*Asks:* 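Submitted below is the structure of interest, expressed as structure tokens.
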Amino acid sequence: MRSKEDRSYISGRHIKALDNFDVSQFRGLAKIGIHIHDNHIRKMIKLKNANDTDFGMDALQPTVTQGSVGTPVQFLQTWLPGFVLVVTAARKADDLMGIMNTGSWEDEQVVQGILERVGQTSVYDDYSNIPLASWNTNFIYRTVVRFEEGLRVGNLELQRAARLRVDDSGMKREAAALSLEITRNTVGFVGFNSGDNNTYGFLNEPGLGAYLEVAEGVSTFTAWSTKTFLEIQKDILTAIQTLRFQTQDTVDPETVPITLAVATGSVDYLGTTSNFGISVRSWLTDAYPKIRVVSAPQLNAAYMSDNVFYLYADEIRDQSTDGGRVWLQNVPTKFYVLGVQQLAKGYEEDFSNATAGAMCKRPYAVVRFYGI
């Protein structure tokens with residue numbers, strides 16, 4: 001079966017030289033793969049007239065239209081399929097802290113109770129008062145903040161976008177959802193300040209201990225880009241030792257799942273190798289298989305314009321009844337459709353989310369260093 005692209009077919013049995021071909025039908029040559037443009041024919045005739053006075057033909061009429069390229073550029077374009085979307089920075093708050101969907105969109109606060117068991121023993125005596133044990137509670141809260149993003153679709157733009165093979169309303173919904181997720185991720189790292197609220201993030205959680213500076217290398221600089229395998233290894237070992245000591249062995253790096261959160265600008269220096277070809281990351285995986293490495297761009301220049309890293313336990317297995325998590329990202333609502341409104345010449349949609357930022361429920365299980 002011939003396709004539309006097949007112009008002609010001549011069997012091998014019928015191939016022969018052209019004979020007595022009517023030159024007035026030169027355009028027909030295209031059907032057998034011979035392409036001669038009209039301009040070339042006119043030029044040949046003009047040259048023939050100039051050099052052969054015996055040549056006779058009807059007089060060529062001068063053009064009355066403006067001279068132009070024979071084929072408009074629109075017919076000379078090849079359109080590649082699809083569209084390349086503009087990339088946005090990776091959102092790592094969920095990777096670092098997880099996401100706790102708790103509460104409702106309309107809530108004002110997310111509250112965590114803290115309970116301390118108290119008591120003081122004494123030496124037994126038949127006639128002494130009995131020392132009494134008790135307990136004490138405190139409550140930590142975070143304020144819920146809500147954001148919104150909407151879209152409007154007009155009838156004309158909808159139909160014109162369809163001619164471009166773009167789903168106008170679909171793209172706008174994706175853009176709205178992406179915008180809300182970017183905002184939620186930002187709040188997860190740096191919180192949100194509206195004057196009197198209490199919403200914090202991974203970088204400014206008020207319960208965290210102070211940053212510690214990593215040691216200088218032989219280059220007299222602290223940045224990992226200037227350090228050797230042994231110097232970077234020592235920085236990580238110092239952090240592990242600090243975490244173990246700070247928790248009084250509640251966090252055993254050999255048995256407890258731990259996260260090493262590293263600035264995006266420094267994480268690749270974990271690939272620095274020793275004289276034996278072993279990288280820092282390989283050593284870390286072999287020595288402490290419970291430690292995972294996560295990079296985040298928000299940790300770049302996060303403290304005193306220096307890159308930082310956090311080392312923290314994912315959870316603490318004790319007698320607590322809250323699940324034992326060290327970090328909690330409180331998100332009552334990731335995506336909420338507020339409403340849809342039909343307009344005379346289109347329609348509108350509005351979306352929202354709600355987040356209470358980050359809460360470090362066990363600050364003693366977190367250490368952080370700067371200068372890398």
Side-chain angles (χ1 to χ4, degrees), residues 88-89 91-116 135-151 175-211 261 263 296-306 308 310 312 320-339 348-368 370:
T88 59
R91 298 175 294 283
K92 293 297 187 75
D94 294 351
D95 293 341
L96 294 174
M97 299 176 289
I99 176 172
M100 172 62 76
N101 181 235
T102 180
S104 303
W105 178 80
E106 68 273 14
D107 285 346
E108 182 62 22
Q109 294 179 345
V110 173
V111 183
Q112 176 64 61
I114 298 175
L115 188 148
E116 180 183 11
W135 50 272
N136 184 53
T137 57
N138 282 276
F139 299 94
I140 305 299
Y141 73 92
R142 293 291 181 265
T143 306
V144 176
V145 292
R146 285 162 289 273
F147 301 93
E148 70 172 323
E149 181 80 6
L151 63 91
L178 177 62
S179 178
L180 290 171
E181 281 293 279
I182 290 174
T183 301
R184 183 178 66 81
N185 181 77
T186 301
V187 174
F189 275 102
V190 298
F192 184 79
N193 181 15
S194 65
D196 57 355
N197 67 321
N198 200 39
T199 309
Y200 297 97
F202 187 75
L203 295 174
N204 58 4
E205 161 64 42
L208 292 176
Y211 279 100
Q298 285 80 6
L299 302 185
N300 292 334
Y303 183 73
M304 296 179 63
S305 300
D306 285 335
V308 306
Y310 281 43
Y312 56 90
S320 300
T321 57
D322 70 319
R325 298 176 187 86
V326 173
W327 280 100
L328 188 65
Q329 185 184 192
N330 307 285
V331 182
T333 305
K334 281 194 67 176
F335 191 79
Y336 183 53
V337 179
L338 292 173
E348 285 185 353
E349 298 178 4
D350 197 18
F351 314 105
S352 179
N353 67 2
T355 177
M359 175 188 293
C360 184
K361 302 202 288 183
R362 292 168 173 82
Y364 65 86
V366 181
V367 294
R368 50 185 185 169
Y370 74 98

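Just so you know, these numbers come straight off a predicted model, no measurement behind them.
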*Asks:* By side chain to side chain donor-acceptor pair (under 3.5 Å), which residues pair with Glu348, not counting sequence neighbours?
*Replies:*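 Once residues adjacent in sequence are excluded, the partners of Glu348 under the side chain to side chain donor-acceptor pair (under 3.5 Å) criterion are Arg152.
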*Asks:* Taking it one step at a time, do Gln298 and Phe202 satisfy side chain to side chain contact (heavy atoms under 4.5 Å, CB included)?
*Replies:* CA-CA 10 Å; Gln298 285 80 6; Phe202 187 75; over 6 Å; no
*Asks:* Could you list the residues that satisfy side chain to side chain donor-acceptor pair (under 3.5 Å) with Tyr312, not counting sequence neighbours?
*Replies:* none
*Asks:* So, taking the atom named CG in Asn193 and the one named CG in Asn198, what distance separates them when rounded to the nearest 0.5 Å?
*Replies:* 10.0 Å
*Asks:* Is any side-chain heavy atom of Met359 closer than 4.5 Å to a side-chain heavy atom of Met97?
*Replies:*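 A side-chain contact is absent here, since even the closest heavy-atom pair is not under 4.5 Å.
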*Asks:* How many angstroms lie between atom CD1 of Ile114 and atom CG of Asn136, to the nearest 0.5 angstrom?
*Replies:* 10.5 Å
*Asks:* Are side-chain heavy atoms of Arg91 and Ile182 found at a separation under 4.5 Å?
*Replies:* yes
*Asks:* The test is side chain to side chain contact (heavy atoms under 4.5 Å, CB included); show your working for Tyr211 and Tyr310 and say whether it passes.
*Replies:* CA-CA 9 Å; Tyr211 279 100; Tyr310 281 43; 3.2 Å; yes
*Asks:* Does anything in residues 138-151 form a side-chain hydrogen bond (donor to acceptor under 3.5 Å, both in side chains)? List the pairs, not counting sequence neighbours.
*Replies:*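 Counting only pairs at least two positions apart or across chains, the side-chain hydrogen bond (donor to acceptor under 3.5 Å, both in side chains) contacts touching residues 138-151 are Arg142-Glu205.
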*Asks:* Locate the shortest heavy-atom distance separating Val326 from Ala365; write the atom from each residue and the value.
*Replies:* CG2-CB, 3.9 Å
*Asks:* Return the minimal non-hydrogen interatomic distance between Asn101 and Pro332, and the atom names on each side.
*Replies:* ND2-O, 2.8 Å
*Asks:* Enter the distance from Leu151:CG to Phe351:CZ here, rounded to the nearest 0.5 Å.
*Replies:* 5.0 Å
*Asks:* Where do Leu328 and Met100 come nearest, in terms of heavy atoms and distance?
*Replies:* CD1-CB, 3.3 Å
*Asks:* Using modelled atom types only, decide if a donor and an acceptor are shared between the side chain of Ser305 and the backbone of Ala301 within a distance under 3.5 Å.
*Replies:*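 No, because the side chain of Ser305 does not come within donor-acceptor range (under 3.5 Å) of the backbone of Ala301.
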*Asks:* Evaluate the side-chain proximity of Thr186 to Phe192: yes if any heavy-atom separation is below 4.5 Å, no if none is.
*Replies:*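 A side-chain contact under 4.5 Å is absent here.
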*Asks:* Compare every heavy atom of Ala261 with every heavy atom of Leu96, then report the nearest pair and how far apart it is.
*Replies:*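 Between these two residues, the closest heavy atoms are CD2-CB, 3.6 Å.
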*Asks:* Can you check whether Ile99 reaches Lys334 side chain to side chain, under 4.5 Å on heavy atoms?
*Replies:*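 SC-SC contact between Ile99 and Lys334 confirmed.
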*Asks:* Quick one, Leu180 with Phe335, criterion side chain to side chain contact (heavy atoms under 4.5 Å, CB included). Give me CA distance, side-chain angles, the key distance, then yes/no.
*Replies:* CA-CA 8 Å; Leu180 290 171; Phe335 191 79; 4.0 Å; yes
*Asks:* Mind jotting down which residue pairs meet the side-chain hydrogen bond (donor to acceptor under 3.5 Å, both in side chains) criterion with at least one end in residues 351-365? Sequence neighbours excluded, please.
*Replies:* Trp105-Ser352, Gln112-Lys361, Ser320-Arg362, Asp322-Lys361, Asp322-Arg362
*Asks:* Got a sec, which residues hit side chain to side chain donor-acceptor pair (under 3.5 Å) with Gln329, two or more places apart in sequence or on another chain?
*Replies:*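 Counting only residues at least two positions away or on another chain, Gln329 forms a side chain to side chain donor-acceptor pair (under 3.5 Å) with Asp94, Arg184.
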*Asks:* Please report the interatomic distance CG(Leu208) to OH(Tyr200), rounded to the nearest 0.5 Å.
*Replies:* 12.0 Å
*Asks:* Under the side chain to side chain donor-acceptor pair (under 3.5 Å) test, which residues partner Asn197, sequence neighbours left out?
*Replies:*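 Side chain to side chain donor-acceptor pair (under 3.5 Å) list for Asn197, sorted by chain: Ser194, Thr199.
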*Asks:* Keeping Asp107 on the side-chain end and Gln109 on the backbone end, is there a donor-acceptor pair under 3.5 Å?
*Replies:* no
*Asks:* Specify the closest pair of heavy atoms between Ala263 and Leu299, including all atoms of both residues, with the distance to one decimal.
*Replies:*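 That would be CB-O, 3.4 Å.
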*Asks:* Which pair of heavy atoms, one from Ala93 and one from Asn185, lies closest together, and at what distance?
*Replies:* N-OD1, 3.0 Å
